[in-house]
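First the structure, in the form of structure tokens, and then the observations on it.
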Amino acid sequence: MESLLAASSSLPAAAFSPASLSSTSSSPLNLRTITGATAAARAVRCAAAKDSILYALEHDEMFNSAEVIQWESGKSINSIAAAQGIRIRRRCRSRYPSEGSGADKAVPHNILEQIIWDKEVEVSQRKAKKPLQKVIESSQHAPPARDFMGALTAAYRRNGAPALIAEVKKASPSRGVLREDFNPVEIAQSYEKNGAACLSVLTDEKHFQGSFENLETVRNSGVKCPLLCKEFVIDIWQIYYARSKGADAILLIAAVLPDLDIKYMLRTCRNLGMTALIEVHDERELDRVLKIDGVQLIGINNRSLETFKVDTSNTKILLEKRGDIIRDKGILVVGESGLFMPDDVEYVHNAGVSAILVGESLVKQENPGQAIAGLYGRELLH
């Protein structure tokens, strides 16, 4: 496990200043990183100078969180996550699980777990080629992030209908290839021309045939819509990398990430000027996310990422139970999956959704951009 103190020699000094470790700024760490330093830090915290890293950590709420204390007591990452209702196990293997044999060949419980295990290997390999320090530097040279939330709010007011996050998506594990003649720039430009408020670009290669290169190409194509990086994020490295490629927002999946990781990743997003779309699937996940400060955007996915079955009533049920809390907090809700017709859009809108994320029902059409009018039953103002 990487030590925070060891990491300090290769990271920018600002990343470890007391100010950067406050609740309003970013530290390029997640639960796996910070917990490696806790035991040593606590042992000498009393002697720490007020301007030192250890003093800053002592007074950082995340350093003193329940998850860190549990880790110090000997609990594993998986047991800490399971206590929060997270069923996706983390393997931390050096190669793809499917490449093993016998006892070494892991069997995932579901497709999401398989994706996460493969993502752990992918991220490990990417980090070896481009360490966090270099990715942070690249992110600092990227143009300022665009206002993802502002674009959604403006589109909702302009059209009186849920703002559209249109997805640039070639394939999915459940549907296979959605579009053979896949040109991400043409699709993105067509979406924007026909009223999409924001765009989502799939970056997972192994299961969705996406790429960060697609994200970067769309960003550099002249498209003005803010871009969501649709990635299975498990490491803070991915957020900095997405920002370096032009992402304005990032997807965080509550079914995968413990609360402490979500808090750290939100902090990093704020520091980078990015928006975090936090995706939930059920009541327990929603309740977890609603307890976290600083959440602006929640996506309710009607597709179970375990079975991949879709039920649009999931959105209505969750908002009937927690809609008042969401409105009191000023959180914007995004409806995801199972949206193909105007009746579907109206259904989730009536349930309390202010934006929708749609990919399959658009990208499979001959002209994805023109298909937006069919989805809404009318053309969108833009």
Side-chain angles (χ1 to χ4, degrees), residues 138-170 179 181-203 210-231 238-251 269-277 296-297 299 332-336 339 345 353-363 365-376 378-382:
S138 296
S139 70
Q140 292 170 341
H141 291 99
R146 300 180 183 185
D147 187 358
F148 196 87
M149 283 288 294
L152 294 180
T153 302
Y156 180 70
R157 291 173 178 169
R158 186 166 58 244
N159 287 287
L164 176 63
I165 307 170
E167 193 150 82
V168 180
K169 178 180 183 179
K170 181 176 181 178
R179 189 177 188 88
D181 59 331
F182 182 77
N183 185 314
V185 169
E186 288 183 2
I187 294 170
Q189 290 174 339
S190 181
Y191 283 154
E192 182 175 61
K193 180 181 178 182
N194 288 276
C198 300
L199 305 179
S200 168
V201 182
L202 260 296
T203 52
S211 70
F212 281 98
E213 288 67 32
N214 286 348
L215 176 68
E216 187 174 34
T217 299
V218 171
R219 176 78 296 159
N220 294 333
S221 69
V223 166
K224 295 187 170 85
C225 284
L227 302 183
L228 169 72
C229 174
K230 187 78 172 291
E231 171 72 334
Q238 294 162 279
I239 299 178
Y240 283 98
Y241 192 66
R243 178 82 276 271
S244 74
K245 296 297 183 180
D248 308 295
I250 193 87
L251 177 71
C269 287
R270 285 196 296 270
N271 187 58
L272 293 171
M274 299 176 71
T275 299
L277 170 60
Q296 296 179 296
L297 197 60
L332 191 150
V333 178
V334 180
E336 305 176 20
L339 306 176
V345 177
V353 159
S354 299
I356 56 174
L357 193 157
V358 181
E360 180 182 337
S361 63
L362 298 177
V363 80
Q365 304 301 315
E366 182 176 350
N367 187 315
Q370 291 180 3
I372 292 173
L375 174 66
Y376 280 83
R378 61 185 172 90
E379 293 185 355
L380 295 180
L381 300 174
H382 58 282

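We use all heavy atoms of the structure for the numbers below, so side chains are in, but hydrogens, waters and symmetry mates are not.
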Heavy-atom side-chain contact between L202 and V168 under 4.5 Å: no
In the structure I gave you, are the side-chain heavy atoms of R179 and P368 within less than 4.5 Å of one another anywhere? yes
side-chain hydrogen bond (donor to acceptor under 3.5 Å, both in side chains) filter on E231, not counting sequence neighbours, yields K119, T203, Q238
What pairs with A197 under side-chain contact (heavy atoms from CB on, under 4.5 Å), at least two apart in sequence or on another chain? L152, A155, A163
Under the ring-ring contact (aromatic ring centres under 6.0 Å, His included) test, which residues partner Y241, sequence neighbours left out? F212, W237
Side-chain atoms of residues 184-192: list all donor-acceptor pairs with protein atoms under 3.5 Å, sequence neighbours left out, distances to 0.1 Å.
unit_1	atom_1	unit_2	atom_2	d
S190	OG	N367	OD1	3.1
S190	OG	G369	N	3.0
Y191	OH	E167	O	3.0
E192	OE2	K224	N	2.7
E192	OE2	C225	N	2.8

Minimal heavy-atom distance between L332 and M149, with the atoms involved, is CB-CE, 4.1 Å
For I356 and V345, run side chain to side chain contact (heavy atoms under 4.5 Å, CB included): C-alpha distance rounded to whole Å, both residues' side-chain angles, the deciding distance at 0.1 Å, then the answer. CA-CA 8 Å; I356 56 174; V345 177; 3.9 Å; yes
Residues passing the ring-ring contact (aromatic ring centres under 6.0 Å, His included) test with Y156, sequence neighbours excluded, are H349
Can you name the residues that form a side-chain contact (heavy atoms from CB on, under 4.5 Å) with E216, not counting sequence neighbours? N220, K245
Measuring only between side-chain heavy atoms, which start at C-beta, is L199 closer than 4.5 Å to I165? no
Can you tell me how far CG of L375 sits from CG of L164, rounded to the nearest 0.5 angstrom? 6.5 Å
Report the residues that fulfil side-chain hydrogen bond (donor to acceptor under 3.5 Å, both in side chains) with S139, sequence neighbours left out, ordered by chain and then residue number. none
Under a 4.5 Å cut-off applied to non-hydrogen side-chain atoms, are R378 and N159 in contact? yes
What are the two closest heavy atoms between S221 and V218, and how far apart are they? OG-O, 2.6 Å
Quick one, E379 and I372 - any side-chain contact, counting heavy atoms below 4.5 Å? no
Taking C-beta and beyond as the side chain, do F148 and L227 meet within less than 4.5 Å on heavy atoms? no
Could you check L380 against N194 for side chain to side chain contact (heavy atoms under 4.5 Å, CB included), going step by step and ending with a plain yes or no? CA-CA 7 Å; L380 295 180; N194 288 276; over 6 Å; no
Output all residues satisfying side-chain contact (heavy atoms from CB on, under 4.5 Å) with A142, sequence neighbours left out; order by chain, then residue number. R243
Validation row: C269, I239 side chains within 4.5 angstrom (heavy atoms): yes
Across all chains, not counting sequence neighbours, the side-chain hydrogen bond (donor to acceptor under 3.5 Å, both in side chains) partners of T153 are none
Start with the C-alpha distance between R146 and T275, add both sets of side-chain angles, then the distance that settles side chain to side chain contact (heavy atoms under 4.5 Å, CB included), and finish with yes or no. CA-CA 9 Å; R146 300 180 183 185; T275 299; over 6 Å; no
Should C198 and P226 count as side-chain neighbours, where that means a heavy-atom distance under 4.5 Å? yes
Contacts of type salt bridge (charged side-chain N to carboxylate O under 4.0 Å, His left out), residue R219, not counting sequence neighbours: D248
